[in-house]
Amino acid sequence: MRVLLIGILTILTVQCYAQTGNDSTGAVLFNRGLEYYNNEKLDSAILVWTEIVEKKIAKNFDTYGVAFFNIPTTYWKMNNTDKAKEWYKRVIESDLNDFDETGSIMEPHTNYKHKSAIALAGLYQQDSLYAEELHWLNLADTVYRYWGFEGSATNVSIEEAMILESKVDVLMKLDKKDEAIQQIITELIYAGNLEDFFKGSEAKLLRLIDKKTFKSEFDEAIKGLIVENIDSDRFNALFTLRGLQYRIAISKNQPENLPHYWKTLYLDKKTGVDKEYLLKYIKARHFYTRLKK
């Protein structure tokens, strides 16, 4: 499964930080732990990295965050999943900042909490605890969002697409087909001109429905769309399909530091947020045009 593979890959990141940090004490300890790890002395590696975390050594350097994240990934490698879960949750509850810069072009931000939420989803997937897996996927997708390249939506979109496919798979296991459809359509509406990143989920949507019947249902649903005004810049577009309420968050004010749309439809400040505009926008989406074929 996709999430499990991502979780396993996070274990490999422990080998990517041999010379992290600019602090002498933290770097010496961290590299000692790394040497233990590379020599398969995993218990000793965990002891060293735990010392860094518990004593908050090198707290303001990347050695601290990497050591923190390496502890649960190493426990996972040891098949001690209870400890891995415990420490991933500690990462999430910590004051680590996913937006902190790493200095790496390929991975510009730390994303510790996001990766921990993804890893927890993978661990609960191993246990076949699908509701718990879905819980952590949702947190990874909203609260602990993935930070990628500023000015480019590519790697963020790829991560979003992976999470969406994973959520849809879990919802189908939980026999929640209509909620899976809701997740796909909502994401495709938000995606705008980035829809191509989600073509796997779009194809899944078309396999889950009868196009002719569904188009009729969908048209009837969006005919009842209403625009809810929150303030001068924020709105919600609401419609109900198969007993589920779809809520599309809309804003005329996009924060400068967001590399992607992140579950909000951003409009130009001059664009009127009205039903006619939104219906036109939704009907221009690629998934909708395929319903007509």
Side-chain angles (χ1 to χ4, degrees), residues 1-15 37 40 42-43 45-46 50 68-94 96 98 111-146 156-188 197-209 241-246 263:
M1 294 297 294
R2 240 181 128 127
V3 171
L4 177 55
L5 291 175
I6 293 296
I8 290 172
L9 286 174
T10 62
I11 295 173
L12 303 182
T13 64
V14 78
Q15 303 195 50
Y37 179 91
E40 295 297 320
L42 303 183
D43 284 320
I46 286 174
T50 300
F68 207 149
F69 184 75
N70 284 355
I71 294 168
T73 58
T74 306
Y75 273 126
W76 193 349
K77 183 174 181 178
M78 296 167 67
N79 292 316
N80 190 338
T81 56
D82 287 341
K83 277 291 186 181
K85 290 173 186 174
E86 175 191 330
W87 274 88
Y88 279 129
K89 289 174 183 177
R90 285 185 64 174
V91 170
I92 286 173
E93 293 165 359
S94 73
L96 290 173
D98 276 11
N111 288 304
Y112 296 130
K113 294 185 179 183
H114 174 80
K115 289 180 179 178
S116 293
I118 291 289
L120 282 163
L123 285 162
Y124 284 110
Q125 181 191 82
Q126 281 185 308
D127 298 335
S128 298
L129 296 174
Y130 301 122
E132 193 70 19
E133 178 187 357
L134 183 62
H135 168 74
W136 288 106
L137 284 171
N138 284 330
L139 288 178
D141 198 24
T142 55
V143 180
Y144 310 114
R145 298 162 170 169
Y146 178 76
V156 181
S157 297
I158 291 170
E159 186 78 358
E160 286 281 305
M162 180 276 293
I163 293 172
L164 176 60
E165 289 181 32
S166 299
K167 287 200 289 186
V168 169
D169 286 345
V170 177
L171 286 166
M172 293 304 293
K173 288 176 183 175
L174 294 171
D175 196 27
K176 295 184 176 183
K177 176 181 172 181
D178 287 337
E179 290 185 27
I181 291 171
Q182 181 188 40
Q183 288 282 335
I184 297 171
I185 289 177
T186 301
E187 191 79 61
L188 291 175
F197 287 101
F198 302 91
K199 57 188 176 182
S201 292
E202 182 182 287
K204 178 80 169 183
L205 169 67
L206 297 176
R207 292 194 297 271
L208 291 175
I209 62 173
L241 176 63
R242 294 184 175 182
L244 296 175
Q245 185 183 69
Y246 286 60
K263 304 294 183 292

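Treat the numbers as computed from the prediction; the structure is a model and nothing was measured.
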Enter the distance from [X]:[atom1] to [Y]:[atom2] here, rounded to the nearest 0.5 Å.
| X | Y | atom1 | atom2 | result |
| --- | --- | --- | --- | --- |
| Y130 | L174 | OH | CG | 9.0 Å |
| N80 | L42 | CG | CG | 11.5 Å |
| E86 | K83 | CD | NZ | 4.0 Å |
| L244 | I181 | CG | CD1 | 9.0 Å |
| F69 | S94 | CZ | OG | 11.5 Å |
| L171 | D178 | CG | CG | 10.5 Å |

Quiz item: Passes side-chain contact (heavy atoms from CB on, under 4.5 Å), Q126 versus W76? Steps please.
Solution: CA-CA 12 Å; Q126 281 185 308; W76 193 349; 3.4 Å; yes
Quiz item: side-chain contact (heavy atoms from CB on, under 4.5 Å) between W136 and I118: does it pass, once the steps are laid out?
Solution: CA-CA 7 Å; W136 288 106; I118 291 289; over 6 Å; no
Donor-acceptor check, side chain of [X] to backbone of [Y], threshold 3.5 angstrom: yes or no?
| X | Y | result |
| --- | --- | --- |
| S201 | F198 | no |
| Q125 | V170 | no |
| N111 | Y146 | no |

Practice problem: Evaluate side-chain contact (heavy atoms from CB on, under 4.5 Å) for I163 paired with H114, printing each intermediate quantity in order. | Solution: CA-CA 11 Å; I163 293 172; H114 174 80; 3.7 Å; yes
So [Y] and [X], do their side chains get closer than 4.5 Å, heavy atoms only?
| X | Y | answer |
| --- | --- | --- |
| Q182 | Y246 | yes |
| L208 | K177 | yes |
| T73 | Y88 | yes |
| V168 | K204 | yes |

Which pair of heavy atoms, one from [X] and one from [Y], lies closest together, and at what distance?
| X | Y | answer |
| --- | --- | --- |
| G200 | E165 | CA-OE2, 4.3 Å |
| L164 | Q183 | CD1-O, 3.7 Å |
| D43 | M78 | OD1-CE, 3.0 Å |
| A84 | L123 | CB-CD1, 4.0 Å |

Quiz item: Is the shortest distance from a Lys or Arg side-chain nitrogen in D98 or K113 to a carboxylate oxygen in the other one below 4.0 Å?
Solution: no
Self-check item: Salt-bridge present (E93, R90; N to O < 4.0 Å)
Solution: no
Quiz prompt | CA sep, side-chain torsions, deciding dist, call: R145, E159, salt bridge (charged side-chain N to carboxylate O under 4.0 Å, His left out) | solution = CA-CA 10 Å; R145 298 162 170 169; E159 186 78 358; over 6 Å; no
Quiz item: Does NZ or CZ of K85 come closer than 6.0 Å to the centre of the six-membered ring of Y124, within 45° of the ring's axis?
Solution: yes
Please set out all donor-acceptor pairs under 3.5 angstrom arising from side-chain atoms of residues 137-144, sequence neighbours excluded.
residue	atom	partner	partner atom	Å
N138	OD1	K167	NZ	3.4
N138	ND2	L134	O	3.3
D141	OD1	K263	NZ	3.1
D141	OD2	K167	NZ	2.8
D141	OD2	K263	NZ	3.0
T142	OG1	N138	O	2.7

Exercise. Check the pair I71, V91 against side-chain contact (heavy atoms from CB on, under 4.5 Å), reporting the backbone distance first and the verdict last.
Key: CA-CA 10 Å; I71 294 168; V91 170; over 6 Å; no
